[in-house]
Amino acid sequence: MATSAPTDASSPPAPKPQPEPARKAVRVVVKGRVTGVGFRDWTASTAESLGLAGWVRNRRDGSVEALLSGDPAKIEDMITRRFPVGPPAATVTAVVPSPAEPVDPSAGFEIKFTV
């Protein structure tokens with residue numbers, strides 16, 4: 001007859017796996033005087049400081065386009081508080097967000113060429 005080994009009542013329970021943090025992504029078009037004023041560098045620096053992944057680029061129509069991926073609260077902060085102000089030389093007239101697919105957080109944040 002097989003007997004089971006006694007369990008050690010003093011050992012702590014196994015840790016529960018941590019759920020993945022909520023992630024989202026948003027494509028944003030920023031309009032106004034946003035090219036030639038350091039907007040892409042400012043966006044990359046600000047996004048990296050918030051731990052966001054994605055990219056930013058100028059568009060031929062004079063707007064700036066960005067993909068922000070990461071913590072939903074930090075993305076909301078970029079869209080509602082930071083993009084409307086931008087770097088000192090910028091004048092933002094519109095911030096137009098739309099849903100996008102999240103990117104791998106290890107990809108970091110990059111500045112892309114104009115399209």
Side-chain angles (χ1 to χ4, degrees):
M1 186 165 162
T3 59
S4 60
T7 58
D8 183 359
S10 65
S11 63
K16 293 181 183 176
Q18 294 296 319
E20 284 280 321
R23 296 187 50 74
K24 86 178 224 183
V26 176
R27 179 182 160 267
V28 182
V29 176
V30 183
K31 298 179 181 182
R33 195 174 112 208
V34 293
T35 57
V37 295
F39 207 97
R40 290 180 301 165
D41 287 336
W42 173 87
T43 298
S45 175
T46 304
E48 287 172 345
S49 74
L50 293 173
L52 298 175
W55 49 261
V56 62
R57 64 184 171 200
N58 286 342
R59 295 178 6 155
R60 287 192 185 9
D61 66 2
S63 65
V64 169
E65 177 182 20
L67 175 74
L68 306 171
S69 181
D71 181 321
K74 292 179 180 178
I75 291 173
E76 188 67 19
D77 180 51
M78 279 289 285
I79 293 170
T80 62
R81 198 170 71 84
R82 298 181 191 242
F83 274 147
V85 176
T91 303
V92 176
T93 59
V95 177
V96 183
S98 59
E101 288 296 315
V103 298
D104 182 351
S106 68
F109 206 91
E110 68 176 304
I111 297 175
K112 291 188 167 188
F113 292 109
T114 300
V115 293

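We number each residue from 1, following the sequence as shown. Values below: every heavy atom of this structure, side chains too, minus hydrogens, waters and symmetry copies.
Not a single side chain to side chain donor-acceptor pair (under 3.5 Å) links Asp41 to another residue, sequence neighbours left out. Residues meeting the side chain to side chain donor-acceptor pair (under 3.5 Å) test with Arg40, sequence neighbours left out: none.
Pairing each heavy atom of Leu52 with each of Asp71, the nearest pair is CD2-N, 4.0 Å. Closest of all the heavy-atom pairs between Val92 and Val30 is CG1-CG1, 3.8 Å. The shortest non-hydrogen separation linking Ala25 to Leu67 is CB-CD1, 4.4 Å. The two residues Phe109 and Glu48 have their closest heavy-atom pair at O-OE2, 3.4 Å. Between Ile79 and Pro97, the closest heavy-atom pair is CD1-CB, 4.1 Å. The heavy-atom pair separating Arg23 from Val103 by the smallest distance is NH2-O, 2.9 Å.
No side-chain heavy atom of Trp42 sits under 4.5 Å from any side-chain heavy atom of Val37. Between Val29 and Arg59, some side-chain heavy-atom pair lies under the 4.5 Å cut-off. In this structure, the side chains of Thr35 and Val64 come closer than 4.5 Å at one or more pairs of heavy atoms. Side-chain contact between Leu50 and Arg82: present, with at least one pair of heavy atoms (C-beta onward) separated by less than 4.5 Å.
Lys74 NZ to Ser49 OG: the interatomic distance, rounded to the nearest 0.5 Å, is 9.0 Å. Rounded to the nearest 0.5 angstrom, Asn58 CG and Glu65 CD are separated by 10.5 Å. Rounding to the nearest 0.5 Å gives a distance of 8.5 Å between OG of Ser69 and CG of Asp104. Once rounded to the nearest 0.5 Å, the distance linking CZ of Arg33 with OG1 of Thr93 reads 12.0 Å.
Using the six-membered ring where Trp is involved, Phe83 and Phe39 have ring planes that are parallel, under 30° apart on the 30 and 60° scheme.
Listed for the Arg81 side chain is no donor-acceptor partner under 3.5 Å among the backbone atoms of Glu76.
For NZ of Lys31, the number of neighbouring non-hydrogen atoms (other residues, nucleotides, ligands) closer than 6.0 Å is 12 at most.
Linking Ile, Leu, Val, Met, Phe, Trp and Tyr whenever their side-chain heavy atoms come within less than 4.5 Å puts Ile111 and Val26 in one cluster.
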